[in-house]
Amino acid sequence: MRPMTRISLCICLALAWTASAEAQDTVFVEAQPAAQPQTQTVEPRRGARQGSVYLSSPIFLTDGGVVNPAVSIRPNEPWDPSGGIGIGGRFGWEFGMLVPEVHLGIETNFSGSADISRITHVYLSLGARLQFLNASRFIPFVSAAFQGNFWEGFSEADFPIDSSFTFSPALIAGGGVAIEVTRSLGLEASVNVMADFDVDDVFSSTQVLLIPRVGGTVYF
């Protein structure tokens, strides 16, 4: 074979091999799965504001003493308190573990006394909750507050004995647990103890109540 023919043949073979290699590379690249951008799932943060609605059941640990004319037809007669029921609301704002909060509600205790069918108090409290945040859905807490109670008695005919509610200051403290059902909704249960200091002589002595509460909370 002539030299020029050999050179031409070698050049043609080299070009053919290069073209074949490039084609294989193209097929290999196209066959690879497209690179997926790495994404990081960020769990939404729970809202820092809290709003609750709850039911309560006030239970007198003391005997109720005697009551004044503001809540009794016959003053200085012993009052025999029994079980009670109430409803209340709470609003709080989180600052980490500390939650300043305000409560507003109404509670009624029934009575076995001759002239009182029930005694009711409307309350407003200002205090704070200390919540022990953790990685679970169960958030224990303790709380304490100053509470203003406004008492009024009702006779057997269920009409107010006095047209105005009588003020009495109190302190309330307790503890419980909040269960986060979702990032915006929770359930709560707590047990509280209230000492009513009776400075305006609603009762004849300081009264102590045990108050369980159950309710729901919205975080927003």
Side-chain angles (χ1 to χ4, degrees), residues 50 52-93 98-131 140-155 158-176 188-215:
Q50 303 179 4
S52 302
V53 175
Y54 54 83
L55 297 176
S56 60
S57 180
I59 303 167
F60 275 79
L61 299 181
T62 46
D63 61 5
V66 295
V67 292
N68 72 2
V71 292
S72 175
I73 294 176
R74 292 188 292 272
N76 300 321
E77 287 288 330
W79 180 62
D80 180 22
S82 58
I85 189 171
I87 186 171
R90 179 185 73 93
F91 177 79
W93 198 301
L98 184 65
V99 186
E101 58 184 13
V102 57
H103 289 251
L104 178 65
I106 183 171
E107 292 174 333
T108 292
N109 279 84
F110 304 99
S111 171
S113 301
D115 63 330
I116 302 176
S117 62
R118 58 191 174 95
I119 188 169
T120 296
H121 73 280
V122 176
Y123 63 86
L124 173 66
S125 71
L126 299 174
R129 168 181 297 194
L130 185 64
Q131 57 184 6
F141 63 85
V142 293
S143 62
F146 169 81
Q147 181 164 301
N149 294 322
F150 300 86
W151 298 89
E152 186 165 40
F154 291 80
S155 72
D158 272 353
F159 64 85
I161 294 171
D162 191 289
S163 60
S164 61
F165 284 89
T166 304
F167 173 77
S168 188
L171 292 177
I172 185 168
E188 289 193 6
S190 66
V191 177
N192 304 272
V193 176
M194 181 182 73
D196 185 285
F197 296 109
D198 194 39
V199 296
D200 203 18
D201 295 330
V202 176
F203 306 100
S204 59
S205 60
T206 297
Q207 298 297 306
V208 179
L209 289 82
L210 181 71
I211 309 175
R213 293 172 177 169
V214 291

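Because the structure is predicted, anything quoted here is derived from the model rather than measured.
- Note that CZ of Phe91 and CD of Gln50 are 9.0 Å apart. Values are rounded to the nearest 0.5 Å.
- In this structure, CG in Asn149 is found 11.0 Å from CZ in Phe197, a value given to the nearest 0.5 Å.
- Of all the heavy atoms in Ala145 and Gly127, the pair that sits closest is CB-CA, 3.6 Å.
- In this structure, the side chain of Asn192 does not engage the main chain of Arg213 through any donor-acceptor pair within 3.5 Å.
- Nearest heavy atoms, Trp151 versus Phe60: CH2-CZ, 4.0 Å.
- Residue pairs meeting the side-chain hydrogen bond (donor to acceptor under 3.5 Å, both in side chains) criterion with at least one partner in residues 53-63, sequence neighbours excluded, are Tyr54-His103, Tyr54-Tyr123, Ser56-Glu107, Thr62-Gln207.
- Screening residues 119-130 for salt bridge (charged side-chain N to carboxylate O under 4.0 Å, His left out), with sequence neighbours left out, gives Glu101-Arg129, Arg129-Glu188.
- For the atom pair CG of Asp80 and CZ of Phe110, the computed distance is 14.0 Å after rounding to the nearest 0.5 Å.
- For Phe167 against Val202, the heavy-atom pair with the smallest separation is O-CG2, 4.2 Å.
- Side-chain atoms of Asp196 never come within 3.5 Å of backbone atoms of Ala170 as a donor-acceptor pair (strictly under, hydrogens ignored).
- Atoms CG and CD1, from Leu210 and Ile59 in turn, are 5.0 Å apart once rounded to the nearest 0.5 Å.
- Annotation: the span from Phe154 atom CZ to Thr120 atom OG1 amounts to 4.5 Å, rounded to 0.5 Å.
- Shown here for Pro58 and Gly86, the closest heavy-atom pair between the two residues is CD-N, 4.4 Å.
- Within a 6.0 Å radius of CD1 in Ile85, other residues, nucleotides and ligands contribute 12 heavy atoms or fewer.
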request  = Run the numbers on Phe146 and Leu171 for side chain to side chain contact (heavy atoms under 4.5 Å, CB included), then give the verdict.
outcome  = CA-CA 5 Å; Phe146 169 81; Leu171 292 177; 4.2 Å; yes
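- Taken from CD1 in Ile211 to CG in Leu61, the straight-line distance is 9.5 Å, to the nearest 0.5 Å.
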